[in-house]
> 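Following this message is one structure expressed as structure tokens.
A quick note: this is a predicted structure, and the numbers were derived from the prediction, not measured.
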Amino acid sequence: VSTSDAAYAPIKDLVIKGRSIQETTKGKQLFNASELSIPSASYVLEITERGNYIRVSSASKTSYTCAESYDNSLIGKTVYLSFDSLTFNIPNPTEVDPAFQLRVTQADDQYLYYNVNKPSKPAKIVIPDDAKEVRLRLVSNNTTTAAASDVTFRGVRICLTESCEWEEYT
């Protein structure tokens with residue numbers, strides 16, 4: 001606070017109040033790891049390093065083990081799915097098929113599944129304008145074979161551009 005036409009004197013008990021809200025993000029990272037949930041108490045979901053490290057596991061033998069969240073704000077957009085690394089910590093990794101998955105419920109209630117199984121070039125996905133729902137999943141066992149699974153994903157991201165490095169969701 002500054003004024004040019006006042007006498008010099010200290011101001012006692014000046015308090016400036018305000019409110020700040022974040023109306024937009026940087027737009028790079030659209031995946032909010034903190035919104036992930038697990039459908040069963042027998043699964044483990046561990047999120048650390050501000051969402052850069054996500055572990056999904058099940059000690060019991062189950063099929064289709066995953067952590068998931070909903071993000072209908074992606075409807076009608078073209079997005080790019082990718083991750084930096086995938087680590088197995090399971091007895092027989094050939095029994096499971098981990099993936100970063102996007103499931104779109106179409107207008108006719110049919111599902112479209114998009115899977116990214118390897119850290120490589122981001123997968124470009126066009127989500128239809130008339131889609132009903134978008135689910136984001138980190139799947140540690142994407143098979144009908146019941147198996148114990150323990151998978152760690154690093155650098156999971158959804159972006160609006162293909163060249164996008166991992167950053168914390170803000």
Side-chain angles (χ1 to χ4, degrees), residues 22 25-77 79-120 122-128 131-160 164-170:
Q22 179 176 337
T25 66
K26 292 183 240 172
K28 291 184 179 178
Q29 172 62 293
L30 303 178
F31 178 70
N32 186 354
S34 68
E35 292 183 358
L36 286 169
S37 64
I38 48 177
S40 168
S42 67
Y43 299 168
V44 173
L45 173 63
E46 179 185 350
I47 302 170
T48 57
E49 297 177 22
R50 301 176 330 276
N52 191 25
Y53 171 101
I54 304 168
R55 180 176 160 239
V56 181
S57 67
S58 175
S60 60
K61 292 192 170 202
T62 59
S63 58
Y64 300 109
T65 308
C66 71
E68 66 183 2
S69 66
Y70 298 86
D71 192 347
N72 291 336
S73 71
L74 300 177
I75 292 173
K77 295 182 178 168
V79 296
Y80 294 85
L81 270 63
S82 61
F83 59 86
D84 292 330
S85 69
L86 180 69
T87 307
F88 295 90
N89 191 13
I90 51 182
N92 190 356
T94 59
E95 291 181 345
V96 301
D97 184 22
F100 179 28
Q101 182 184 85
L102 189 138
R103 187 185 89 177
V104 176
T105 305
Q106 300 181 98
D108 62 1
D109 289 324
Q110 297 295 310
Y111 298 132
L112 290 173
Y113 290 93
Y114 301 95
N115 290 302
V116 178
N117 302 84
K118 295 184 174 101
S120 59
K124 179 181 179 181
I125 299 167
V126 179
I127 302 172
K132 290 183 173 181
E133 178 185 83
V134 176
R135 285 190 191 195
L136 311 170
R137 293 175 161 172
L138 293 175
V139 185
S140 65
N141 183 358
N142 197 26
T143 69
T144 56
T145 303
S149 59
D150 189 350
V151 177
T152 300
F153 297 85
R154 283 195 176 273
V156 174
R157 57 193 172 274
I158 299 175
C159 302
L160 297 176
C164 173
E165 297 297 318
W166 184 88
E167 67 176 22
E168 183 177 3
Y169 177 85
T170 55

> Quick check: are there more than 12 heavy atoms from other residues, nucleotides or ligands sitting under 6.0 Å from NZ of Lys124?
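No - once you tally the heavy atoms of other residues, nucleotides and ligands closer than 6.0 Å, there are 12 at most.
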> Using every non-hydrogen atom in the two residues, find where Ile38 and Ala67 come nearest and quote the distance to one decimal.
CG2-CB, 4.0 Å
> With no hydrogens and no angle check, is any side-chain donor or acceptor of Asp84 less than 3.5 Å from a backbone partner on Val156?
no
> Check Gln29 against Glu167 and note the closest heavy-atom contact, atom names and distance.
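Heavy atoms only, the tightest pair is CG-O, 3.2 Å.
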> Could I get the full list of side chain to side chain donor-acceptor pair (under 3.5 Å) partners for Glu46, not counting sequence neighbours?
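For Glu46, the residues satisfying side chain to side chain donor-acceptor pair (under 3.5 Å) (neighbours in sequence not counted) are Arg55.
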> List in chain and number order the residues that pass side chain to side chain donor-acceptor pair (under 3.5 Å) with Thr152, two or more places apart in sequence or in another chain; answer none if no residue qualifies.
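None.
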> With the side chain counted from C-beta on, respond yes when Arg137 and Tyr113 share a heavy-atom pair under 4.5 Å apart, and no when they do not.
yes
> Among residues at least two apart in sequence or on other chains, which ones pass ring-ring contact (aromatic ring centres under 6.0 Å, His included) with Phe83?
Phe153
> Taking C-beta and beyond as the side chain, do Gln101 and Asn115 meet within less than 4.5 Å on heavy atoms?
yes
> State, yes or no, whether a side-chain contact exists between Val79 and Leu160 at a heavy-atom distance under 4.5 Å.
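Touching, per the 4.5 Å side-chain cut-off.
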> Under a 4.5 Å cut-off applied to non-hydrogen side-chain atoms, are Leu86 and Val151 in contact?
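In short, these two side chains touch, coming nearer than 4.5 Å.
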> What ring-ring contact (aromatic ring centres under 6.0 Å, His included) pairs are there with at least one residue in residues 30-50, not counting sequence neighbours?
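As it turns out, the ring-ring contact (aromatic ring centres under 6.0 Å, His included) pairs with a partner in residues 30-50, which skip direct neighbours, are Phe31-Phe100.
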> For the CG atom of Leu30 and the SG atom of Cys164, what is their distance to the nearest 0.5 Å?
8.0 Å
> Would you call Arg103 and Glu133 a salt bridge, taking side-chain N to carboxylate O under 4.0 Å as the test?
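Looking at Glu133 together with Arg103, the answer is yes, because their closest N to O distance falls below 4.0 Å.
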> Could you tell me which residues satisfy side chain to side chain donor-acceptor pair (under 3.5 Å) with Ser37, sequence neighbours excluded, listed by chain and number?
none
> Counting C-beta onward and ignoring hydrogens, is there a side-chain heavy-atom pair between Ile158 and Asp71 closer than 4.5 Å?
no
> So, Asp108 side chain and Gln110 main chain: donor-acceptor pair closer than 3.5 Å or not?
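The answer is yes, because a donor-acceptor pair under 3.5 Å joins these two groups.
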> Which pair of non-hydrogen atoms, one from Val104 and one from Pro128, has the smallest distance, and what is that distance?
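Closest heavy-atom pair between Val104 and Pro128: CG1-CD, 4.2 Å.
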> Can you measure from CZ (Arg50) to OG (Ser34) and round to the nearest 0.5 angstrom?
13.0 Å
> For residues Leu136 and Leu74, determine if any side-chain heavy atom of one lies less than 4.5 Å from a side-chain heavy atom of the other.
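The answer is yes; the side chains approach within 4.5 Å.
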> Compare every heavy atom of Ala33 with every heavy atom of Ile54, then report the nearest pair and how far apart it is.
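Nearest pair, atom of Ile54 first, then Ala33: CD1-CB, 3.7 Å.
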> How would you list, by chain and number, every residue that makes a salt bridge (charged side-chain N to carboxylate O under 4.0 Å, His left out) with Glu49, sequence neighbours excluded?
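Per chain and number, Glu49 pairs via salt bridge (charged side-chain N to carboxylate O under 4.0 Å, His left out) with Arg154.
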> Heavy atoms only: give me the nearest Gly51-Trp166 pair and the separation to one decimal.
C-CZ2, 3.7 Å
> Might you point out which heavy atoms bring Val126 and Tyr114 nearest each other, and give the distance in Å?
O-OH, 4.2 Å
> Atom OG1 of Thr105 and atom OH of Tyr111: how far apart are they, to the nearest 0.5 Å?
5.0 Å
